Enquirer: 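Have a look at the structure that comes next, please.
Predicted, not measured: the structure shown is a model, and the values here were computed from it.
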Amino acid sequence: MKLKNSYIEKKIKEYGRDIISSDIFAKANRQTHHNTTTVGKHSLRVAWSTVKICEFLIRHGIKIDERSAVRAALMHDLGIIGRHEKFSNSYDTSRRHPKESLLIADKIEPQMSEGMRQAIERHMFPVFAKPPTRPEAIVVCIADKIGALGDLIAKNKK
């Protein structure tokens with residue numbers, strides 16, 4: 001996915017180059033997601049929205065760890081990879097993939113902040129998770145909904 005804003009693209013690469021260039025993210029770029037895109041493209045879309053939301057909050061004096069939020073956005077759906085082998089149906093995938101994503105993220109970043117952990121674990125709120133309480137988790141949860149909406153709109157443009 002080509003990001004349209006070079007400043008945002010630079011931030012995502014700065015914070016998540018290791019994630020984006022990893023073998024697991026290469027698999028994410030091949031795993032279908034939302035019937036319209038891939039896990040990789042969706043995760044980049046979520047990271048893009050995360051940067052935009054963080055920049056807005058920072059401009060308005062709200063403290064947030066932008067790096068942690070972007071890294072969590074890039075890893076939040078990695079647990080979907082191999083969905084047909086791991087999960088019995090879409091409902092099961094939606095319910096269980098955050099915990100699977102957290103297991104994968106722990107291997108990439110063993111010293112994750114609480115904000116990152118919560119962002120990955122609770123990004124499915126309000127459907128399956130407790131509400132996020134950490135700023136990074138709230139931002140990723142919102143950015144995920146924006147990303148999913150973008151995925152669906154892109155499908156309807158075809």
Side-chain angles (χ1 to χ4, degrees), residues 1 3 11-54 57 63-155:
M1 173 179 184
L3 301 171
K11 285 256 184 172
I12 292 169
K13 286 180 180 176
E14 175 188 338
Y15 296 143
R17 183 177 313 279
D18 61 322
I19 298 166
I20 296 166
S21 63
S22 69
D23 290 340
I24 191 76
F25 208 82
K27 290 178 184 176
N29 284 320
R30 295 188 299 270
Q31 176 71 60
T32 303
H33 194 39
H34 294 151
N35 298 320
T36 61
T37 189
T38 66
V39 170
K41 286 180 183 177
H42 168 75
S43 297
L44 286 169
R45 188 185 304 267
V46 173
W48 193 91
S49 294
T50 295
V51 171
K52 293 291 278 184
I53 295 167
C54 284
L57 294 172
K63 188 176 177 183
I64 187 159
D65 181 351
E66 184 178 51
R67 179 185 183 279
S68 290
V70 170
R71 291 181 66 76
L74 291 170
M75 297 187 287
H76 81 284
D77 273 346
L78 293 179
I80 291 174
I81 297 166
R83 71 185 300 161
H84 301 295
E85 294 78 32
K86 293 194 284 192
F87 308 117
S88 57
N89 54 45
S90 292
Y91 176 86
D92 194 36
T93 302
S94 295
R95 188 177 56 78
R96 291 181 42 213
H97 83 272
K99 288 188 191 301
E100 293 285 326
S101 296
L102 192 56
L103 292 173
I104 293 166
D106 270 329
K107 292 176 185 165
I108 295 169
E109 185 142 343
Q111 301 299 321
M112 258 188 288
S113 70
E114 182 54 34
M116 286 178 73
R117 295 188 84 72
Q118 196 181 97
I120 295 166
E121 246 178 348
R122 299 186 184 187
H123 77 271
M124 288 302 291
F125 176 81
V127 181
F128 290 110
K130 294 192 291 190
T133 58
R134 304 289 305 208
E136 298 80 16
I138 294 166
V139 167
V140 171
C141 186
I142 293 167
D144 183 49
K145 305 316 172 263
I146 293 168
L149 181 62
D151 296 341
L152 295 173
I153 289 170
K155 175 186 175 184

Enquirer: How close do A105 and I120 get, heavy atom to heavy atom, and via which atoms?
Expert: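 Between these two residues, the closest heavy atoms are CB-CD1, 3.6 Å.
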
Enquirer: What's the verdict on salt bridge (charged side-chain N to carboxylate O under 4.0 Å, His left out) for K86 and D92, showing C-alpha distance, side-chain angles and the deciding distance?
Expert: CA-CA 9 Å; K86 293 194 284 192; D92 194 36; over 6 Å; no

Enquirer: For residues H33 and T93, determine if any side-chain heavy atom of one lies less than 4.5 Å from a side-chain heavy atom of the other.
Expert: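 Of all side-chain heavy-atom pairs linking T93 with H33, none is under 4.5 Å.
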
Enquirer: Between T50 and V46 (side chain of the first, backbone of the second, donor and acceptor by atom type, cut-off under 3.5 Å), is there such a pair?
Expert: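 At least one qualifying donor-acceptor pair exists.
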
Enquirer: Just checking D23: does its CG atom have more than 12 heavy atoms from other residues, nucleotides or ligands closer to it than 6.0 angstrom?
Expert: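 No, because the 6.0 Å sphere around CG of D23 holds 12 heavy atoms or fewer from other groups.
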
Enquirer: Taking C-beta and beyond as the side chain, do I146 and K52 meet within less than 4.5 Å on heavy atoms?
Expert: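 Counting from C-beta outward, I146 and K52 never come under 4.5 Å.
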
Enquirer: Tell me, do L78 and K27 make a side-chain contact under 4.5 Å, heavy atoms counted?
Expert: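 When only atoms from C-beta onward are counted, K27 and L78 do not touch, as no gap falls below 4.5 Å.
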
Enquirer: For residues V70 and K11, determine if any side-chain heavy atom of one lies less than 4.5 Å from a side-chain heavy atom of the other.
Expert: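 Contact flag for V70/K11 side chains = no.
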
Enquirer: Taking salt bridge (Lys or Arg N to Asp or Glu O under 4.0 Å) as the definition, give me every residue that meets it alongside K13, ordered by chain and number, with sequence neighbours left out.
Expert: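 Expected list: E9.
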
Enquirer: Quick check: do L102 and M112 have side-chain heavy atoms less than 4.5 Å from each other?
Expert: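 Yes; the side chains approach each other to less than 4.5 Å.
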
Enquirer: Would you say the side-chain atoms of R134 pair up with the backbone N or O of M116, donor to acceptor, closer than 3.5 Å?
Expert: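 Checking the backbone N and O of M116 against the side chain of R134, no donor-acceptor pair under 3.5 Å is found.
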
Enquirer: If the condition is ring-ring contact (aromatic ring centres under 6.0 Å, His included), which residues does H123 pass it with, not counting sequence neighbours?
Expert: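 Scan of H123 (ring-ring contact (aromatic ring centres under 6.0 Å, His included), adjacent residues dropped) gives H76, H97.
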
Enquirer: Do M124 and S94 come close enough that some side-chain heavy atom pair is under 4.5 Å?
Expert: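 The answer is yes; the side chains approach within 4.5 Å.
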
Enquirer: Ignoring hydrogens and geometry, is there a side-chain-to-backbone donor-acceptor pair from E136 to D65 under 3.5 Å?
Expert: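 Here the side-chain-to-backbone pair exists.
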
Enquirer: Heavy atoms, side chains only, cut-off 4.5 Å: are M75 and I104 in contact?
Expert: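 The answer is no; the side chains never approach within 4.5 Å.
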
